[in-house]
Amino acid sequence: MAKKHQRNLGMSMKVERSTLDQVRARFEKNKRKREEEERNKAEDYDLEARAQERQEEEERQRALKRQRKKDKKRAANEAQDDDVDPELAAVMGFGGFGK
């Protein structure tokens, strides 16, 4: 059945005989393809290293963000402390706000 189906599609059922040059060219092509796949495998191993580097970079960014947040909070507290008059605070009976 398959033979008739392919024949109706216009396919030739005869197998073409390959020449020595065609066989050598095919071997060379397959060799290059295999070498390229091996190079890609080596790059895949580098993918794990790149993933590790990216994770470390994200951790550094998080640490930097936390540090900035602490600095901003500290600066806000210092600014708030500067607004309080020490004499007024002494009269009211406490040393400062928020501490």
Side-chain angles (χ1 to χ4, degrees):
M1 288 199 79
K3 185 175 181 180
K4 287 183 181 180
H5 174 72
Q6 289 178 348
R7 190 72 161 144
N8 289 335
L9 290 177
M11 299 177 114
S12 171
M13 299 311 297
K14 295 183 179 181
V15 178
E16 182 181 327
R17 187 157 171 91
S18 298
T19 65
L20 182 61
D21 291 335
Q22 290 173 329
V23 172
R24 286 182 179 159
R26 178 62 98 173
F27 275 130
E28 189 64 33
K29 179 180 174 185
N30 289 339
K31 183 179 179 182
R32 278 186 264 126
K33 184 177 177 181
R34 191 173 346 112
E35 289 172 353
E36 185 174 325
E37 288 174 356
E38 288 176 8
R39 274 187 262 127
N40 289 339
K41 277 187 179 180
E43 291 175 6
D44 289 342
Y45 293 126
D46 291 340
L47 179 65
E48 293 174 6
R50 290 191 336 225
Q52 179 67 24
E53 289 174 6
R54 183 178 178 127
Q55 186 177 5
E56 291 171 359
E57 179 63 28
E58 288 175 357
E59 182 60 36
R60 281 187 293 246
Q61 291 297 328
R62 281 190 228 113
L64 183 61
K65 187 175 181 180
R66 278 180 279 182
Q67 185 63 36
R68 285 183 190 152
K69 191 173 182 180
K70 282 183 179 180
D71 291 345
K72 187 176 181 181
K73 191 172 184 179
R74 190 178 312 121
N77 284 340
E78 289 175 1
Q80 187 178 19
D81 291 342
D82 292 341
D83 293 341
V84 177
D85 184 23
E87 293 177 20
L88 179 62
V91 170
M92 294 177 74
F94 56 89
F97 294 104
K99 287 188 178 182

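FYI, side chains are in, hydrogens and waters are out, and symmetry mates aren't considered; it's all heavy atoms of this structure.
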- Item | Sole residue of Glu58, Glu56, Glu57 in salt bridge (charged side-chain N to carboxylate O under 4.0 Å, His left out) with Arg54 | Glu58
- Roughly how far apart are Lys69 NZ and Arg66 CZ, rounded to 0.5 Å? 10.5 Å
- Query: For the side-chain contact (heavy atoms from CB on, under 4.5 Å) test, which of Glu37, Glu35, Lys31 pairs with Lys33?
  - Reply: Glu37
- Flag if over 12 foreign heavy atoms under 6.0 Å of CD, Gln52: yes
- Quick one: do Arg68 and Asp71 make a salt bridge, cutoff under 4.0 Å? no
- Could you state the interatomic distance from CZ (Arg7) to CG (Leu9), rounded to the nearest 0.5 Å? 11.5 Å
- Heavy-atom closest contact (Arg17 atom, Gln22 atom, distance): O-OE1, 4.1 Å
- Message: Any salt bridge linking Arg62 with Glu59? Criterion: basic side-chain nitrogen under 4.0 Å from a carboxylate oxygen.
- Response: yes
